[in-house]
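What follows is a set of notes on a single structure, which appears directly below.
Chain A is the first sequence line, chain B the second, and so forth, proteins listed ahead of strands; every chain is numbered from 1.
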Amino acid sequence: MALPQVGGGSYHFNSNNFMIEAESVPQVEGPYPLSTLRHSVAHLMASAVQKLYPGAQFGFGPAIEHGFYYDFELPEPLTEKDLRKIEKEMRRIANRSPKIEKSVVSREDARKQLQEWGQTYKLEGLDLIPEDEEITFYFHGDGDVRWGDLCEGPHVDSLKDHNFVFKLQRVAGAYWRGDEKNPMLQRIYGTAFWDKEAMDVHLAWLEEVKLRDHRKLGSDLDLFSTHEEAGAGFVFWHPNLGTVRREIERYWWDLHTAGGYKPVYTPHVSRESLFAVSGHLENYGDMMYAPMDLDALPYRVKPMNCPGHALIFKDRGRSYRELPVRWAELGTVYRYERSGVVHGMLRVRGFTQDDAHIFCTPEQLADEIAGVCKLVDTVLKTFGFEYKAYLATKPPEKTIGDDAIWERATESLKEAAASVDLELELDEGGGAFYGPKIDYKIKDALGREWQNSTIQCDFNLPERFDLHYTASDGSQMRPIMVHRAILGSLERFVGGLIEHFGGKFPVWLAPTQVAVIPIREEHAGYAKGLAERLEAELFRVEAMLDAGHMNKKIKQAQKDQVPYMLIAGEREAAEGTVAVRRRGTREQTVVPFEQFLEMVTGIRDTKSLEVPEP
RNA sequence: GCUGCUGUAGCUCAGUGGUAGAGCACUUCCUUGGUAAGGAAGAGGUCACGGGUUCAAGUCCCGUCAGCAGCUCCA
């Protein structure tokens, strides 16, 4: 999809290059910051709602990352159709009396005013304003559309004298003040920009997000499904995505083997008492599935893998000489998620973590963390993700472990990051109750941030399981346990990957890597030979040899996002060449088959994200 | 879980109380085509599921399940 030309830079989403060129996003300067404009448009919207739905109660209406929203309590539910009506009214109001005026009032006058208007939520909002802060109202409109709002501002001075565009996007429910114990209000989301082109680019971005939705691609590309028969939040991986997953797992195990990790496997079901020891029952019980009775004892499906790994550590005495131990498991866990939150592959009720636990001494901690940081870097770069890392430190209360060990562990995290040139942003007090951690945020091809990788120090589980090792002086010491996941969960990671790549998987991951298409049926023999040569090199090949039209096969292979098509007719058969057509292009390059094979082998084996010409 | 919306063929969707439809995909036959839709015929639906209203329900009502946009919560 080609987007409007903006500021001399063109903007293409759908080329073979899956990344979006972020630098070509236009930055249009208006007379006020964009967030001020959006906040003012939120007011404009609220006044229109007031006009159309007398008796509306108003909640909050701030500017947000890509626009704004305003929460209302209305006698009837809004539909998308009502949004057009509200937009129309907004334009009318803005044209008629566009000035926005600020009015500073006393707390008492503010209260009186809001009582007069009958705005109960706003009155509650008034009480949230600190004593020493100035209280302001902003007014616009006149006559029957005169509208004011308790608001700290700032706002644009006029809704008419500056050029801007806006659009109301959707309506949804939202709890008053974000608390599910409070009543639910109706929220209208919208956006506003200083110029139409910028908004068009933003809307096109939203379209692209929709096109790349892993649920849509999941069905278009035959990747995965969920089933009413199986229940919400349980993912069925189809052969195509199974192939992607197997490649990722193979890569993951190779890296971990090289990194000194040993594989472990632990049961999906264990006695409930195990989770009492680990503390999961107490702290995580709401997320766990109900117990099942086996021989009159309660058993549970595991929500995490760590208790199992702790049991393995505890199975025999450990010496300082064998530390650190690094144990990895692609461990499938089950967690109860409320029905409204399950979402494709990104939020599910059963998933596989790329889990590993490192048991080490405090002295070893920094080196171990550094090793994990390197591993994370390698993996994320392989998939083309940029990332940022955050150091989450000791929360203010309810923690386990004395200050000395917290300090030492936090220092180790810092030291480790420094040793691998990893910049850490501080997330003060963001650690778990059981230890400090480093969290990674990755940025995908659409510029969206995801949280996947995490490295967590744990002082709690070693305590609860009474884990120990014999130190060189013969004393019994407590190991530190490091939990770490790089992908997070395979479901969420691969679901995100589908969107990151827009279904255009790099060669090493692509379910079908090469499609072989004969021009006429009589060339099928040559084509078959090519396919066999590729299969002998362990390529995943689709040999489209049946009697059908070449054009249909090309169309099919393009739709399936196959990175390379080899098209072979009389000339190619005579010369031992292939006409190579790359994903997302219409050009062909005719090269000797051997040359193609060598090129594509290199691309695959280096896990390149490119799909170059041969 | 909550608010609102939705569920008709594999997919996208039409069908507002009276005999279930279209395009694409699929199957068969014809077509032998040099880079994204050749032609014809055919098959395919317990209208998510259960109950109710009605002479009559895909259509109206209630419930359940599943999905969508969010909220809240999370890998």
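Base pairing of B:rC29: its partner is B:rG39, meeting the Watson-Crick or G-U wobble criterion (both donor-acceptor distances under 3.5 Å). Across all strands shown, B:rA56 forms no Watson-Crick or G-U wobble pair with both distances under 3.5 Å. Using the Watson-Crick or G-U wobble rule with both distances under 3.5 Å, B:rG4 pairs with B:rC68. Pairing partner, B:rG23: B:rC11, with both Watson-Crick or wobble hydrogen-bond distances short of 3.5 Å. Partner assigned to B:rG63 is B:rC49, using Watson-Crick or G-U wobble distances below 3.5 angstrom.
Cation-pi geometry between A:Lys441 and A:Tyr390 is satisfied (NZ or CZ under 6.0 Å from the ring centre, within 45° of the ring normal). A cation-pi arrangement is absent between A:Arg492 and A:Trp450 under the rule of less than 6.0 angstrom and at most 45 degrees off the ring axis. For the pair A:Arg38 and A:Phe68, the NZ or CZ position fails the cation-pi test of under 6.0 Å to the six-membered ring centre and within 45 degrees of the ring normal.
Taking SG of A:Cys457 as the reference point, atom NE2 of A:His483 lies at 9.0 Å (rounded to 0.5 Å).
If you take atom C1' in B:rG10 and the same atom in B:rU27, they sit 14 Å apart, rounded to whole Å. One P atom belongs to B:rU6, the other to B:rC74, and the distance between them is 31 Å to the nearest Å. Here, B:rA22 and B:rG15 have their P atoms 15 Å apart, quoted to the whole Å. Straight-line distance between the C1' atoms of B:rU53 and B:rU59: roughly 13 Å, to the nearest whole Å. Here, B:rA75 and B:rG7 have their C1' atoms 30 Å apart, quoted to the whole Å. Rounded to whole Å, the P atom of B:rA9 lies 26 Å from the corresponding atom of B:rA56. Atom name P, nucleotides B:rU31 and B:rU19: the rounded distance is 42 Å, in whole Å. Taking atom P in both B:rU12 and B:rC68, the straight-line distance is 12 Å, to the nearest Å.
Look at A:Arg177 and A:Glu124 and you find a salt bridge, because one of the NZ, NE, NH1 or NH2 atoms lies within 4.0 Å of a carboxylate O, short of that distance. With respect to A:Glu207 and A:Lys210, a salt bridge is recorded, a charged nitrogen being found less than 4.0 Å from a carboxylate O.
Within residues 213-232 of chain A, the residues approaching RNA chain B are A:Arg215, A:Glu228, A:Ala232, by heavy-atom distance under 4.0 Å.
Contact annotation for A:Glu570: base contact, defined as any heavy-atom pair under 4.0 Å involving a base atom. Base contact: A:Ala579 has a heavy atom under 4.0 Å from a base atom. Using a 4.0 Å heavy-atom criterion, one finds that A:Gly340 contacts the bases of the nucleic acid, with or without backbone contacts as well.
Once the 5.5 Å centre distance and the 30° plane angle are applied, the aromatic ring of A:Tyr189 is found not to be stacked with the base of B:rG70. Ring stacking holds between A:His549 and B:rG38, with the centres under 5.5 Å apart and the planes within 30 degrees of each other.
Closest approach to the A:Lys555 side chain among B:rU35, B:rC2, B:rA37 is made by B:rA37 (side chain taken as heavy atoms from C-beta onward).
Look at A:Arg170 and you'll find a side-chain N or O under 4.0 angstrom from OP1 or OP2 of B:rG70.
Taking the six-membered ring for Trp and the full ring otherwise, A:His500 and A:Phe385 have centroids separated by under 6.0 Å.
Of all the heavy atoms in A:Val235 and A:Thr226, the pair that sits closest is CA-CG2, 4.3 Å.
Nearer to the 5' terminus of RNA chain B, by closest-nucleotide assignment, is the contact made by A:Ser339 (compared with the other of A:Ser339 and A:Ile567).
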